[in-house]
Amino acid sequence: MSSLHVTAATGTLFSPTSIFDPAGTPSHSIFGLSMLILGVTFAIFLIVGGLLLYALLRYRVHPGDSEREPPQIYGSTQIELSWTVIPILIVVMLFLTTTRVILGTESIPKPKQALDVTVIGHQFWWEYRYPGLGVATANELHIPVSDPSQPTPAYLTMSSADVAHSFWVPRLAGKMDVIPNRVNVMWMDPKEPGLYLGQCAQYCGTQHAKMLLRVYADSPADFAKWVEQQKQPAVTSFPGNAAATEGQRVFLHSACINCHAVAGTVANGRFGPDLTHLASRETLASGPIPNNAENLRKWIEDPNAMKPGSLMPAMHLNDHELDVITAYLTQLH
Ligand SMILES: [Cu+2]
């Protein structure tokens with residue numbers, strides 16, 4: 001559903017994860033490089049295919065041809081030299097242009113006003129922290145649109161809490177592995193506001209396929225508003241909403257708090273996504289599930305029914321507990 005929406009919004013034939021529809025500086029240079037390599041290899045294909053076709057047609061058997069094999073040529077230094085040297089030159093040229101694009105992306109000095117985000121890959125979700133802003137969230141990354149005259153690229157400092165993952169949002173930047181005990185850095189600078197989709201690109205376990213990436217590029221004003229809201233501790237009083245009040249009590253007395261954090265309460269687990277502003281997210285469980293009360297209740301009842309192999313256990317809550325915890329979590333804007 002969301003993929004169709006984005007395709008319609010960009011008004012192109014491209015899928016929302018197409019490498020042929022770049023929307024940021026690193027992805028533009030990768031696109032240029034891909035087109036050069038496609039061009040060179042396509043020219044080689046045309047020349048080789050053309051010569052083959054010519055030889056097939058020109059030298060096919062004609063009526064009246066003798067049955068004898070034509071004279072065979074063994075070895076030609078000239079031909080051998082040319083088909084060794086020319087491919088080497090082509091490979092060297094592709095190597096140098098690729099190196100130039102990689103170094104050009106990695107060596108650009110980081111502007112002072114760049115935004116720092118810490119990205120931590122988990123089986124099977126993304127943790128995002130904004131050290132300069134005091135914001136912690138999960139699964140939906142918000143960054144500002146970067147105005148070319150005053151660039152505000154987002155620098156992602158990435159590591160993994162468990163196995164190797166890979167961060168890939170094709171319309172914004174290249175692919176970067178997310179590896180335990182190692183820090184990798186990449187940057188992105190979307191020029192147009194919008195939602196950019198991606199996917200964990202390294203097989204990381206059973207739910208790898210549902211470890212999606214959602215990058216929201218907000219206008220500077222929208223981004224400031226988002227940060228302001230995410231900095232707040234969670235709502236803790238729900239006047240007139242008895243279900244949410246009770247739900248908070250049940251939640252804070254259950255094992256949920258060993259794995260989940262809700263800022264401003266005793267819940268400070270880090271094994272699962274931060275839930276402080278869960279209701280401000282559009283999806284659940286790293287992208288695949290639209291965030292609404294019905295899905296939230298189903299998720300808490302049995303996460304493995306929606307994402308088999310997910311590392312959140314079913315907590316065997318009764319219907320009433322499920323109702324009130326859902327009522328509570330839907331209030332965490
Ligand atoms: Cu992964």
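The figures here come from the full heavy-atom set of this structure, side chains too, leaving out hydrogens, waters and symmetry mates. Whatever order the structure lists ligands and atoms in, that order sets their numbers, starting from 1.
Checking each of L275, L252, T276 against T265 for a side chain to side chain contact (heavy atoms under 4.5 Å, CB included) leaves exactly one that passes, namely L252. Among W126, Y196, F167, the single residue meeting the side chain to side chain contact (heavy atoms under 4.5 Å, CB included) criterion with L141 is F167.
In this structure, F223 has its ring center at least 6.0 angstrom away from the ring center of Y216. A ring-centre distance under 6.0 Å is found for Y130 and W226.
Remark: the Q248 side chain and the T236 side chain contain no N/O donor-acceptor pair separated by less than 3.5 Å.
Identified under the ring pair (Phe, Tyr, Trp, His ring centres under 6.0 Å) test for residues 279-300, with sequence neighbours left out: none.
Around the Cu ion (ligand 1), the protein N, O or S atoms closer than 2.8 Å are H165 ND1, C200 SG, C204 SG, M211 SD, listed by chain and residue number.
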